[in-house]
Student: 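The structure under discussion is supplied below as structure tokens; questions concerning it will follow.
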Amino acid sequence: RKYRRELQLRKKCHNELVRLKGNIRVIARVRPITKEDGEGPKAASVVTFDPDDDAVIHLLHKGKPVSFELDKVFSPGASQQDVFQEVQALITSCIDGFNVCIFAYGQTGAGKTYTMEGTRENPGINQRALQLLFSEVQEKAADWEYTITVSVTEIYNEVLRDLLGTEPQEKLEIRLCPDGSGQLYVPGLTEFQVQSVEDINKVFEFGHNNRTTEFTNMNEHSSRSHALLIVTVRGRDCSTGLCTIGKLNLVDLAGSERVGKSGAEGSRLREAQHINKSLSALGDVIAALRSRQGHVPFRNSKLTYLLQDSLNGDSKTLMVVQVSPVEKNSSETLCSLRFAERVRSVELGPGARHT
Ligand code: ADP
């Protein structure tokens, strides 16, 4: 047992070193079984954990055990704070000028929105991230001047929508900053400067209301669209005048289930094709990064284009793969965990910097 522990510690050190080299980190979070899962064998848990290794998850799929190794696995008992603790160092690195991307992936109902947005009583990564950034920059206020701005957007049917805008929507397009920094920006997208903790709540409420008003079935809509919170931290060293800019993208992806397999027509079919397009474009970008292909097809979807400057060699990327524990979802869980393992082997080398 001691030997096993020792091996695990070594593996952890190795993983940490690899992580520092710029790989995509992948963590899994398994949601608890809920009333909606129903009763009986279909609602029984098919996911188990390794008591000695918190990076391993086992799935019983059609009676066969399959194991996956990721960077960390959170069981249903993990709190929002536990998950946040795992990602907070990544988040604060945007104060030092890094581009950071955290995205939640998984089928509808697996807990993506719970992890990113959370509830009023128990907020998720989005709110905790802003609060942390805010308190960190206040601590440095003697030497540095910082501004934190946020944009809230969604991508639905390959159309980017500004959720903080008060004016009628114009068509939003993604552009490369003309300053040669390699950063992307969206002309016309509202950037709201956050100056207090109350401002953070206002932003979320406004964005949320804006998202819900247009669609009658919000659950359906949110499972078919990607929600993005883009936080930009601009800093200026008061003594040297040195400036930094870091961007944090927090993304609640559309459901990864294979939608539109049968019977989808008209607008439903179009939606399904668009979701498939952007999630498969994300898969293609990841595959290209993984095989160190010269060309990375960032521009094949709005989602990958917008995240391009956060998926290159200088960025830090983390994927939270959300998992439903129940038997009836085991095929989708298998797909999600396979995707997670593929993503984990991606190295964001300098060769990935493309325009
Ligand atoms: P998704 O965004 O992937 O469609 P949700 O975040 O809406 O999924 O989660 C589905 C349901 O499960 C919601 O009712 C949510 O509150 C609940 N849920 C998800 N994860 C957790 C968790 N870790 N703890 C408690 N409830 C959760």
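All values below were derived from every heavy atom in this structure, side-chain atoms included, with hydrogens, water molecules and symmetry-related copies excluded. Each ligand, and each atom within it, is numbered from 1 in the order the structure gives.
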Student: Would you say Ser324 and Asn329 are linked by a side-chain donor-acceptor pair, where the criterion is simply a distance under 3.5 Å?
Tutor: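 Their side chains do contain a donor-acceptor pair, which is all the 3.5 Å distance test asks for.
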Student: Show your working on side-chain hydrogen bond (donor to acceptor under 3.5 Å, both in side chains) between Asp82 and Ser79 and close with a plain yes or no.
Tutor: CA-CA 5 Å; Asp82 293 335; Ser79 67; 3.2 Å; yes
Student: Return each pair, listed once, that meets ring pair (Phe, Tyr, Trp, His ring centres under 6.0 Å) where at least one residue sits in residues 38-82; pairs must be two or more places apart or across chains.
Tutor: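 Every pair satisfying ring pair (Phe, Tyr, Trp, His ring centres under 6.0 Å) with a residue in residues 38-82: there are none.
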Student: What pairs of donor and acceptor atoms, side-chain ones from residues 120-138 against any protein atom, are under 3.5 angstrom apart with sequence neighbours left out?
Tutor:
unit_1 : atom_1 : unit_2 : atom_2 : d
Asn122 : OD1    : Arg128 : NH2    : 3.2
Gln127 : NE2    : Asn201 : OD1    : 3.0
Arg128 : NE     : Pro123 : O      : 2.7
Arg128 : NH1    : Gln81  : OE1    : 3.0
Arg128 : NH2    : Pro123 : O      : 3.0
Ser135 : OG     : Leu132 : O      : 3.1

Student: Show your working on side-chain hydrogen bond (donor to acceptor under 3.5 Å, both in side chains) between Ser336 and Thr333 and close with a plain yes or no.
Tutor: CA-CA 5 Å; Ser336 294; Thr333 300; over 6 Å; no
Student: Can you tell me which residues line ligand 1 if we count any heavy atom under 4.0 angstrom from one of its atoms, in chain and number order?
Tutor: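 Arg29, Arg31, Pro32, Gln107, Thr108, Gly109, Ala110, Gly111, Lys112, Thr113, Tyr114.
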Student: With sequence neighbours excluded, what pairs up with Ser239 under the side-chain hydrogen bond (donor to acceptor under 3.5 Å, both in side chains) test?
Tutor: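 Scan of Ser239 (side-chain hydrogen bond (donor to acceptor under 3.5 Å, both in side chains), adjacent residues dropped) gives Asp237.
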